[in-house]
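Ligands are counted one by one from 1 in listed order, and the atoms in each one are counted from 1 as well. If you're wondering where the values come from, they're calculated on a predicted model, not measured in any experiment.
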Amino acid sequence: MPGGVNSPVRAFKSIDSSPIFFKKAKGAYLWDEDDNQYIDFVGSWGPMILGHADPSIEAALQAAIVNGTSFGAPTRLENEMAAEVIKLVPSIEMVRMVNSGTEAVMSAIRLARAYTTRENPEQTKILKFKGCYHGHADALLVQAGSGVATLGLPDSPGVTKNATQDTILADYNSPEAVTEIFEKYKGQISAVILEPVMGNAGCILPKPGYLEFLREITTANNTLLIFDEVMTGFRVALGGAQQRFNVMPDLTTLGKVIGGGLPVGAYGGRREIMEMVAPAGPMYQAGTLSGNPLAMSAGLACLKKIQEPGFYDELEKKSQYLIDGMTRVIDAPLQTTVCGGMFGFAFSSSPIYNYADTKTVDSDSFKKFYLSMLEQGVYFAPSAFEAGFVSGAHSYEDLDRVIEACRLTNL
Ligand SMILES: Cc1ncc(COP(=O)(O)O)c(C=O)c1O
């Protein structure tokens with residue numbers, strides 16, 4: 001396997017180390033092949049909001065598997081999933097299930113272009129933000145965060161100029177940058193896509209009023225606003241970032257939590273736009289395994305449990321408890337953020353509002369910190385440019401153990 005892994009950030013390259021091979025997970029814990037136990041804050045990069053091997057997901061999978069693993073035909077489970085998503089995500093009126101976040105974003109971009117070019121064939125450009133990662137589709141692999149940021153690749157070979165010539169880049173959290181671009185490319189921008197909380201360059205919150213500003217400028221220009229909520233969906237609030245910040249996008253992409261740990265993505269939005277998707281409309285998008293019964297069963301079990309009263313209050317309380325404790329005991333300048341079950345900490349003395357600001361992060365301190373934590377049985381994302389995830393399964397005792405490990409770490 002290239003680099004020994006099936007997805008680049010797993011390789012531990014940015015901390016000059018080699019990856020851990022896991023064999024088992026339960027609740028807040030992971031076990032490696034040598035039987036070492038770790039408290040996990042990666043949560044498979046977001047999906048495991050209930051913790052690992054949650055009994056309700058296990059039971060749903062057991063029940064589903066005896067009925068066959070794929071039909072390639074409509075099922076009741078897909079309808080139940082669609083109803084849940086429409087109920088929970090405020091701006092979604094229709095939804096299409098796919099198999100990954102990348103696929104969801106690719107499809108949403110195609111749909112946005114299909115929609116805006118009906119009246120104006122010139123309206124094909126996409127505005128994205130530096131440091132936001134939207135999966136590995138060619139058009140969006142420009143100044144992306146996540147593994148691309150970690151490995152320091154400005155772009156990827158194999159992505160042609162033609163594939164990205166309609167992608168425009170802006171600095172996150174800067175209204176001026178966006179206003180300038182809308183003036184320069186008047187009548188040409190099909191969609192603005194962003195992570196409403198940037199989780200692929202750390203955990204960067206939108207400045208107050210920024211999402212509202214994007215809503216206004218896109219509406220005024222007949223441009224669609226796409227929230228990529230693959231990470232923030234069901235993570236920063238039950239209804240995602242759109243509910244937390246009360247700003248409604250035209251289209252939303254989902255992934256991670258919606259699959260309860262199985263490979264799933266989804267995109268949805270206003271009925272009028274979604275009705276363009278085949279076979280209701282002319283925009284083609286399909287998938288052999290889309291709406292797979294195992295994935296739907298795991299996802300539905302997960303969505304059911306996160307609706308229990310108080311789930312998100314408790315999740316955010318735990319994230320805040322961890323970050324407060326870390327701030328108290330770590331003897332180095334630290335920038336921190338908390339948003340629901342998502343958190344960020346960056347070794348920097350200046351605030352971080354966008355991708356350029358992340359260059360101030362002290363990578364050497366992160367590396368030292370990371371390896372010390374690993375040694376003490378704490379598994380954070382092996383990169384200074386990724387968000388951390390707390391699950392319902394983390395106990396305050398677990399968090400205290402992590403804070404103590406931070407205290408024992410010399411930077
Ligand atoms: C915001 C965002 N969008 C899209 C993706 C791509 O999702 P997937 O890895 O499921 O293709 C990710 C993955 O981390 C993501 O964080």
Proximal ligand 1 atoms for E195, defined as those under 4.0 Å from one of its heavy atoms:
1 (C)
Between R215 and E212, does any side-chain N to carboxylate O distance fall below 4.0 Å?
no
Between K256, H136, E386, flag the one that comes closest to atom 14 (O) of ligand 1 by a heavy atom.
K256
Can a side-chain donor-acceptor contact be found between T160 and N162 if the only test is distance below 3.5 angstrom?
no
If we only consider heavy atoms of W45, is any one of them less than 4.0 Å away from an atom in ligand 1?
no
Using heavy-atom distances, let me know which of V105, N99, N200, V230 sits nearest atom 16 (O) of ligand 1.
N200
Atoms of ligand 1, numbered as shown, that sit under 4.0 Å from any heavy atom of D228
1 (C), 2 (C), 3 (N), 4 (C)
Y312 side chain reached by I306 side chain, heavy atoms, under 4.5 Å
yes
Heavy-atom pairs closer than 4.0 Å: do any link ligand 1 to the side chain of H134, the backbone, both, or neither?
backbone
Can the positive tip of K207 be found less than 6.0 Å from the middle of the six-membered ring of Y353, inside 45° of the ring normal?
yes
For T102, which part has a heavy atom under 4.0 Å from ligand 1: side chain, backbone, both, or neither?
both
What residues, two or more places apart in sequence or in another chain, satisfy side chain to side chain contact (heavy atoms under 4.5 Å, CB included) together with E80?
R76, L77, L300
Contacting atoms of ligand 1, where contact means under 4.0 angstrom from a heavy atom of S100
10 (O), 11 (O)
Test ring-ring contact (aromatic ring centres under 6.0 Å, His included), reference F380, set F385, F389, F345, output is F345
Is the closest N or O pair between G135 and ligand 1 shorter than 3.5 Å?
no
With sequence neighbours excluded, give me every side chain to side chain donor-acceptor pair (under 3.5 Å) pair touching residues 57-75.
T75-E78
Which segment of T232 sits under 4.0 Å of ligand 1 when only heavy atoms are counted
neither
Testing the 3.5 Å rule here: is there a donor-acceptor pair between the side chains of E195 and Y172?
no
Under 4.0 Å from a heavy atom of G101: give me the atoms of ligand 1 that qualify, with their elements.
6 (C), 7 (O), 8 (P), 10 (O), 11 (O)
